[in-house]
Amino acid sequence: MHNIKDIRENPQEFKKNLEDRFVDIKLEKILSLDETNRKFILSKETLEKQKKDISKSKDPKLFSKSKEISEQISKLAADQLKIKNELDDILKSLPNVALKDVPIGKDEKFNKEISKTGEIKKFSFKPKSHYEIGEKLKMFDFDLATKTTGSRFVFVKGKLAQLERAISNFMIDSHITNNGYEEISPPLMASDDTMYGTGQLPKFENDQFEIKLDEDSGRKFLIPTAEVILTNMVKNQILNYKNLPIRLVASTPCFRKEAGSYGKDTRGMIRQHQFYKVELVSIVDPINCLNELERMTNCATKILDDLKLPYRKIILSTGDMGFSAEKTYDIEVWIPSENKYREISSCSSCGTFQAKRMKSRFKNEANETKFVGTLNGSGLAVGRTLIAILENYQNEDGSIDVPEVLKPYMNNLNKITSN
RNA sequence: GGAGAGAUGGCUGAGCGGUUGAAAGCACCGGUCUUGAAAACCGGCAAAGGGGCAACUCUUUCCUGGGUUCGAAUCCCAGUCUCUCCGCCA
């Protein structure tokens with residue numbers, strides 16, 4: 001959430017920054033609510049001071065006066081709270097401000113390609129889509145998932161299930177051993193305020209699967225990404241600068257309603273309600289956010305290098321970035337059957353935006369309390385990596401070569417064939 | 001599911017109606033000492049918000065929400081969470 005103090009000091013700049021993200025900001029409303037709020041606070045505090053003085057004096061003659069003041073205070077407090085809540089509701093739904101080097105544009109058309117890596121393989125036959133390959137191998141079963149569960153789910157079976165697990169294990173091992181991340185096996189559900197902390201609530205409630213444990217307790221949500229639960233590990237904490245950076249990795253299922261993408265990617269497992277993802281999260285001193293973003297993105301692309309999959313790196317435009325992000329790189333992998341690149345990772349710096357929502361702070365070397373910086377990135381989306389391997393490593397007979405680095409995770413299997 | 005215990009600052013932990021924003025220790029920051037470090041010693045060290053150009057000052061906060069009282073970390077009620085024991089189950 002944005003600090004109202006910063007807005008107050010530089011309202012026009014704030015307005016412009018959010019307009020660059022194509023957000024309709026009611027600046028006048030915000031400023032007037034803030035002013036009213038402060039007026040209420042001032043009069044409330046004046047009364048509180050009077051009351052405190054009376055109680056300190058211990059003078060019985062003043063006691064009845066104190067009671068009167070109490071009533072006035074509670075009235076003022078109620079009015080003040082109403083204004084404050086109204087103000088907060090507006091602030092809570094405003095996205096983070098983009099950094100200066102982020103291209104301004106209203107949607108993905110304004111994203112900019114930064115680099116292309118790897119060679120696109122020339123097939124001597126027409127490459128099949130991952131779902132054709134998987135179904136032919138009898139290792140993807142979409143119909144069965146429809147029967148047991150519904151649309152946008154899949155059964156992965158046999159060697160492809162093993163391959164999926166191999167991909168996940170290879171990625172985690174790589175991040176642990178080469179990049180210094182700590183592996184976490186987190187809860188797959190998150191509470192209301194946890195979801196708020198990383199920015200999924202209040203604005204994107206419709207994308208989340210809500211869980212009710214019982215009538216009385218608060219609602220919970222299936223995590224749409226491990227980012228939510230990993231980042232919130234430092235919620236409501238004041239860390240020491242010596243503990244930073246914190247680097248976490250987890251491989252978890254992710255659950256998304258995919259509301260608003262009806263009819264999009266309906267075939268295959270590109271867009272599912274449930275998918276595995278290896279997620280990277282960094283908690284850093286905010287002055288290191290940009291370096292960490294580069295580092296994290298490199299951790300993600302290294303996986304694709306090792307898997308020998310062609311990819312490109314793009315920087316998202318202001319309109320295409322996520323709610324909490326200040327700068328985002330997407331990594332897109334080559335999908336032969338579609339003859340184009342598709343997103344396989346998204347790495348974002350959130351600056352102190354999430355930290356302010358979570359109240360995650362640290363003491364710096366000067367012993368001052370500051371908000372931490374948070375970053376998250378996929379390293380990588382496991383389901384989509386499986387897709388990319390199927391398509392890029394396919395042979396004309398429908399078999400799949402196992403990528404070199406995954407063989408140790410597949411009992412040194414060279415090739416996946418039907419039967 | 002049954003029976004208890006508890007929730008205090010970055011951490012451990014005192015306080016159980018009135019200079020308690022909160023003892024003490026640890027951690028952290030600054031200093032003395034030292035070639036440097038450690039140890040020892042000295043000093044500092046909660047957060048959020050408001051007012052003020054500033055020095056500074058005020059308010060709130062001892063899990064959350066109500067209540068009692070002139071006054072609550074301290075008493076009462078409700079809730080949340082944690083722990084221990086018993087039962088049940090992976």
Side-chain angles (χ1 to χ4, degrees), chain A residues 1-11 30-92 185-197 211-221 229 232-246 283-286 352-373:
Chain A
M1 186 165 95
H2 296 286
N3 194 337
I4 183 68
K5 268 187 188 169
D6 300 337
I7 301 174
R8 202 186 293 149
E9 271 169 32
N10 233 326
I30 292 173
L31 293 177
S32 85
L33 281 171
D34 175 45
E35 210 182 313
T36 314
N37 179 234
R38 278 149 65 212
K39 256 183 215 153
F40 275 127
I41 288 173
L42 195 62
S43 36
K44 192 181 76 171
E45 288 187 350
T46 312
L47 290 176
E48 278 167 345
K49 173 90 170 90
Q50 288 176 27
K51 190 179 158 186
K52 214 173 179 177
D53 287 341
I54 291 175
S55 113
K56 264 187 188 156
S57 75
K58 297 185 200 173
D59 180 353
K61 282 177 295 207
L62 297 171
F63 287 176
S64 64
K65 175 120 194 269
S66 176
K67 271 201 143 167
E68 262 171 54
I69 295 175
S70 291
E71 274 169 40
Q72 293 176 51
I73 290 177
S74 52
K75 245 186 103 186
L76 268 172
D79 290 342
Q80 192 258 123
L81 190 68
K82 222 181 119 204
I83 299 293
K84 176 83 165 76
N85 285 340
E86 200 180 331
L87 178 61
D88 282 351
D89 284 348
I90 296 176
L91 295 180
K92 278 176 188 172
S185 174
L188 302 179
M189 293 186 203
S191 65
D192 225 280
D193 58 320
T194 295
M195 295 287 280
Y196 168 74
I211 304 287
K212 265 248 182 260
L213 290 185
D214 59 69
E215 276 314 305
D216 304 325
S217 65
R219 57 183 184 167
K220 306 197 188 309
F221 296 87
I229 201 89
N232 273 282
M233 284 171 72
V234 296
K235 171 167 83 176
N236 282 324
Q237 277 201 62
I238 302 181
L239 303 156
N240 189 288
Y241 71 92
K242 288 177 181 171
N243 300 329
L244 302 180
I246 297 172
I283 313 294
V284 301
D285 183 324
T352 57
F353 185 80
Q354 293 179 325
K356 283 171 184 157
R357 295 181 149 237
M358 299 188 297
K359 298 190 174 29
S360 301
R361 289 158 291 180
F362 75 109
K363 295 240 190 233
N364 65 14
E365 287 187 60
N367 225 20
E368 300 162 321
T369 307
K370 300 276 187 196
F371 285 107
V372 298

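The shown structure was predicted, so the numbers you read here are calculated from the model rather than taken from an experiment. Letters A, B, ... mirror the listed sequences (proteins, then strands); counts begin at 1.
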Participant: Classify every nucleotide of nucleotides 54-71 of chain B by which part a protein heavy atom approaches to under 4.0 Å, writing B for the base, S for the sugar-phosphate alone and - for neither, in 5'-to-3' order.
Facilitator: ----BBS---------BS

Participant: Between N or O atoms, less than 3.5 Å apart, protein on one side and nucleotides 51-53 of chain B on the other: list the pairs.
Facilitator:
| from | atom 1 | to | atom 2 | distance (Å) |
| --- | --- | --- | --- | --- |
| B:G51 | OP1 | A:Arg38 | NE | 3.1 |
| B:G51 | OP1 | A:Arg38 | NH2 | 3.1 |

Participant: Who are the side-chain hydrogen bond (donor to acceptor under 3.5 Å, both in side chains) partners of A:Lys49, not counting sequence neighbours?
Facilitator: A:Asp53

Participant: For A:Asp89, enumerate each residue passing the salt bridge (charged side-chain N to carboxylate O under 4.0 Å, His left out) test, keeping only those at least two apart in sequence or located in another chain.
Facilitator: none

Participant: Who pairs with A:Thr352 by side-chain hydrogen bond (donor to acceptor under 3.5 Å, both in side chains), at least two apart in sequence or on another chain?
Facilitator: A:Lys356

Participant: Categorize A:Phe362 for me: base, sugar-phosphate, or nothing, with a 4.0 angstrom heavy-atom threshold over every strand shown.
Facilitator: nothing

Participant: Could I get the full list of side-chain hydrogen bond (donor to acceptor under 3.5 Å, both in side chains) partners for A:Asn3, not counting sequence neighbours?
Facilitator: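 Not a single residue meets the side-chain hydrogen bond (donor to acceptor under 3.5 Å, both in side chains) criterion with A:Asn3.
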
Participant: Going by the side chain to side chain contact (heavy atoms under 4.5 Å, CB included) test, name the single residue among A:Lys44, A:Gln50, A:Glu45 that passes it with A:Leu47.
Facilitator: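 Exactly one pass, corresponding to A:Gln50.
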
Participant: Counting neighbours of CD on A:Glu35 that are heavy atoms of other residues, nucleotides or ligands and sit closer than 6.0 Å, is the number greater than 12?
Facilitator: no

Participant: Which residues pass the salt bridge (charged side-chain N to carboxylate O under 4.0 Å, His left out) test with A:Asp193, sequence neighbours left out?
Facilitator: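 Checked A:Asp193 against salt bridge (charged side-chain N to carboxylate O under 4.0 Å, His left out); matches are A:Lys235.
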
Participant: CD of A:Glu71: more than 12 outside heavy atoms within 6.0 angstrom?
Facilitator: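 Not buried by this count: 12 neighbours or fewer within 6.0 Å.
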
Participant: Have a look at A:Lys359 and say if it touches a base, only the backbone sugar-phosphate, or nothing, with a 4.0 Å heavy-atom cut-off.
Facilitator: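 If one applies the 4.0 Å heavy-atom cut-off, A:Lys359 turns out to touch nothing in the nucleic acid.
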
Participant: With sequence neighbours left out, what residues match A:Glu86 under side-chain hydrogen bond (donor to acceptor under 3.5 Å, both in side chains)?
Facilitator: A:Lys29

Participant: Pairs counted as Watson-Crick or G-U wobble with both distances under 3.5 Å: what dot-bracket string results for RNA chain B, using | for bases tied to another strand?
Facilitator: ((((((((.[[[..)..(.....]]].(((((.......))))).((((((....)))))).[[[[[..)....]]]]])))))))....

Participant: Atom pairs, N/O to N/O, protein against nucleotides 42-47 of chain B, distance under 3.5 Å?
Facilitator:
| from | atom 1 | to | atom 2 | distance (Å) |
| --- | --- | --- | --- | --- |
| B:A47 | OP1 | A:Thr369 | OG1 | 2.7 |
| B:A47 | O3' | A:Arg361 | NH1 | 3.1 |
| B:A47 | O2' | A:Arg361 | NH1 | 3.3 |

Participant: Sequence neighbours left out, cut at 3.5 Å: what donor-acceptor pairs do the side chains of residues 60-67 of chain A make with other protein atoms?
Facilitator:
none

Participant: Pick base, sugar-phosphate or nothing for A:Gln237, based on heavy-atom distances below 4.0 Å to the nucleic acid.
Facilitator: nothing

Participant: Show which side-chain atoms of residues 236-244 of chain A pair as donor or acceptor with protein atoms under 3.5 Å away, not counting sequence neighbours.
Facilitator:
| from | atom 1 | to | atom 2 | distance (Å) |
| --- | --- | --- | --- | --- |
| A:Gln237 | NE2 | A:Met233 | O | 3.1 |
| A:Asn240 | OD1 | A:Lys242 | N | 2.8 |

